[in-house]
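Quick note: numbers below take in every heavy atom, side chains included, and nothing from hydrogens, waters or symmetry partners.
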Amino acid sequence: MAVFVFDCGGTLMEYAGMPAAWSALYPQGFRAVADALCTACTADDLAEAAARLTAFNPRITGREIEYPPVEMFAACLSHWPSPVDPQAAAEIFFRGLRLSPVLYPDSIPALCRLQMHGHKTAVLTDLPSGMPDALFRADIAPLLPYIDLYVSSGTCGFRKPNPAGLRQIAAHFSAAMEALVFIGDEDKDAATASRAGCGFLRIDRSGRGSAGCLHSLDALCPAESSS
C-alpha cells in the first residue's frame with residue numbers, strides 16, 4: 001500500500017482567475033466587511049487593514065507557522081472605528097473575493113482509481129492566508145468522499161515547506177515515510193517532501209514543465225489498468 005498525498009491548489013483544483021498572491025485583492029475583501037459590519041470605515045482604514053493582512057501573507061513573509069483566522073482578522077481590524085467580530089469578518093471577506101473553485105476533470109477519476117487499487121489518498125494543503133478551514137473544505141466538497149485523510153495548514157498548525165503535515169499523515173496510516181508520495185505543483189511542495197524524506201512528483205498543469213513533470217493525474221494510475 002502506498003499513500004498518495006495531494007496538494008490542492010494547482011494540483012487537484014484552482015480558484016478560477018486568481019493570481020498566486022492574493023494581496024492585491026485584499027482591499028476588495030475588506031470593503032465587503034466594512035459594508036456589512038462597519039460602515040464608518042474610511043479608505044485609510046481599509047488600506048491599513050489590507051496592509052496588516054499582507055504582513056501575514058506567507059508568500060511575502062515565508063512563515064511556516066499557521067495563525068487562526070480569528071487571530072489574523074482581529075489584528076487587521078483592531079484600528080477600525082467600531083468593534084467587528086473577526087470570525088464574521090473572515091467569512092464576509094472571502095465571500096467578498098467572489099472565489100470560484102474549479103476541480104480539474106482528472107482529479108476525482110484518479111483518486112477513485114488509486115483507492116480501487118488499494119492505495120490510501122490524502123490532501124495536504126496550505127489554506128489561503130486568513131481563510132477559515134470550513135470555507136476551504138466547502139469549496140472542495142466534491143473531492144472529500146475520495147480522500148481518506150484531509151490535512152490543512154489550519155488543522156495541523158504549520159504551512160509547507162514545514163514537514164509536520166506529512167508526518168501527521170504518515171502517523172495516521174501507520175506508514176513509513178518512504179511509503180508516501182507527495183504530488184504538488186510548487187517548489188515548496190518539493191521542499192516539504194525533501195524535508196520529510198518521502199517521494200515527490202511535480203505536476204505542471206500548464207503542460208510546459210520540464211521532463212519528468214506530470215501534466216495530468218492520469219499517469220498515476222492509468223484508466224486501462226483499473227479494468
Side-chain angles (χ1 to χ4, degrees), residues 1-22 24-25 59 94-129 131-156 159-161 165-166 169 172-173 179-193 198-227:
M1 177 197 76
V3 181
F4 287 86
V5 184
F6 295 85
D7 168 53
C8 269
T11 301
L12 296 175
M13 55 80 70
E14 66 181 27
Y15 285 110
M18 294 297 285
W22 295 10
L25 301 175
R59 291 187 180 275
F94 283 100
R95 288 202 299 271
L97 297 186
R98 298 181 181 178
L99 300 173
S100 178
V102 178
L103 304 186
Y104 297 125
D106 59 345
S107 295
I108 288 176
L111 293 168
C112 285
R113 290 195 297 272
L114 289 169
Q115 290 182 327
M116 287 172 59
H117 282 265
H119 302 301
K120 296 298 184 182
T121 60
V123 155
L124 176 61
T125 187
D126 284 343
L127 298 171
S129 190
M131 178 180 275
D133 186 76
L135 292 184
F136 186 77
R137 285 177 65 96
D139 283 346
I140 64 164
L143 290 172
L144 295 178
Y146 309 98
I147 298 293
D148 295 309
L149 180 65
Y150 166 90
V151 177
S152 74
S153 57
T155 63
C156 78
R159 301 182 68 88
K160 297 175 286 185
L166 289 176
I169 291 167
H172 175 86
F173 292 112
L180 271 62
V181 180
F182 188 31
I183 300 99
D185 67 312
E186 295 189 78
D187 289 344
K188 69 174 180 177
D189 298 322
T192 308
C198 74
F200 177 71
L201 293 172
R202 184 184 292 269
I203 187 165
D204 172 32
R205 291 287 185 176
S206 73
R208 299 188 298 270
S210 60
C213 284
L214 301 174
H215 299 308
S216 79
L217 297 178
D218 293 336
L220 289 177
C221 194
E224 57 267 23
S225 71
S226 64
S227 58

Trainee: Identify the two heavy atoms, one from Leu124 and one from Gly165, that lie closest to each other, and give their separation to 0.1 Å.
Mentor: CD1-CA, 3.8 Å

Trainee: What heavy-atom pair brings Phe136 and Cys8 nearest, and what distance separates the two atoms?
Mentor: CZ-CB, 3.8 Å

Trainee: Determine whether Leu25 and Met18 satisfy the following criterion, side-chain contact (heavy atoms from CB on, under 4.5 Å), listing intermediate values before the conclusion.
Mentor: CA-CA 9 Å; Leu25 301 175; Met18 294 297 285; 3.2 Å; yes

Trainee: Of Asp7, Val5, Leu166, which meets side-chain contact (heavy atoms from CB on, under 4.5 Å) against Thr192?
Mentor: Leu166

Trainee: What's the shortest heavy-atom distance between Ala16 and Val102, and which atoms?
Mentor: CB-CG2, 4.0 Å

Trainee: How about Arg113 and Leu217: do any of their side-chain heavy atoms sit closer than 4.5 Å?
Mentor: no

Trainee: From the options Asp185, Asp187, Asp189, select the one residue that forms a side chain to side chain donor-acceptor pair (under 3.5 Å) with Arg202.
Mentor: Asp187

Trainee: Indicate yes or no: at least one non-hydrogen side-chain atom of Ile203 is less than 4.5 angstrom from one of Tyr104.
Mentor: no

Trainee: What closest approach, in Å, do Asp133 and Ser152 show between heavy atoms, and which atom pair accounts for it?
Mentor: OD1-OG, 2.6 Å

Trainee: Could you pull out the closest heavy-atom pair between Ser129 and Phe94, with the gap in Å?
Mentor: O-CZ, 3.4 Å

Trainee: Surrounding CZ of Phe200 (heavy atoms of other residues, nucleotides or ligands, distance under 6.0 Å), is the total greater than 12?
Mentor: yes

Trainee: Under the side-chain contact (heavy atoms from CB on, under 4.5 Å) rule, what do Phe6 and Leu220 come out as? Steps first, then yes or no, please.
Mentor: CA-CA 12 Å; Phe6 295 85; Leu220 289 177; 3.7 Å; yes

Trainee: In sequence, state the C-alpha distance, the side-chain angles, and the governing distance for Leu97 and Tyr15, and then conclude on side-chain contact (heavy atoms from CB on, under 4.5 Å).
Mentor: CA-CA 11 Å; Leu97 297 186; Tyr15 285 110; over 6 Å; no

Trainee: Restricting to side-chain contact (heavy atoms from CB on, under 4.5 Å), what partner residues turn up for Ile147, sequence neighbours left out?
Mentor: Leu111, Thr121, Val123

Trainee: Evaluate Tyr150 against Thr125 for side-chain contact (heavy atoms from CB on, under 4.5 Å), listing each step before the verdict.
Mentor: CA-CA 8 Å; Tyr150 166 90; Thr125 187; 4.3 Å; yes

Trainee: So, for Leu135 and Met131, which heavy atoms are closest and what is the spacing to 0.1 Å?
Mentor: CB-CG, 4.1 Å

Trainee: Going by salt bridge (charged side-chain N to carboxylate O under 4.0 Å, His left out), name the pairs with one or both residues in residues 137-146, residues two or more places apart or in two chains.
Mentor: none

Trainee: Using modelled atom types only, decide if a donor and an acceptor are shared between the side chain of His119 and the backbone of Met1 within a distance under 3.5 Å.
Mentor: no

Trainee: Please identify each residue that fulfils salt bridge (charged side-chain N to carboxylate O under 4.0 Å, His left out) with Arg95, with sequence neighbours left out.
Mentor: none

Trainee: Looking at Asp126 and Arg59, does any basic side-chain N land under 4.0 Å from a carboxylate oxygen?
Mentor: no

Trainee: Tell me, do His172 and Asp148 make a side-chain contact under 4.5 Å, heavy atoms counted?
Mentor: no

Trainee: Are the side chains of Glu186 and Thr11 in contact, using a 4.5 Å heavy-atom criterion?
Mentor: no

Trainee: Would you say that Ile140 contacts Leu12 through its side chain, given a criterion of any heavy-atom pair below 4.5 Å between the two side chains?
Mentor: no

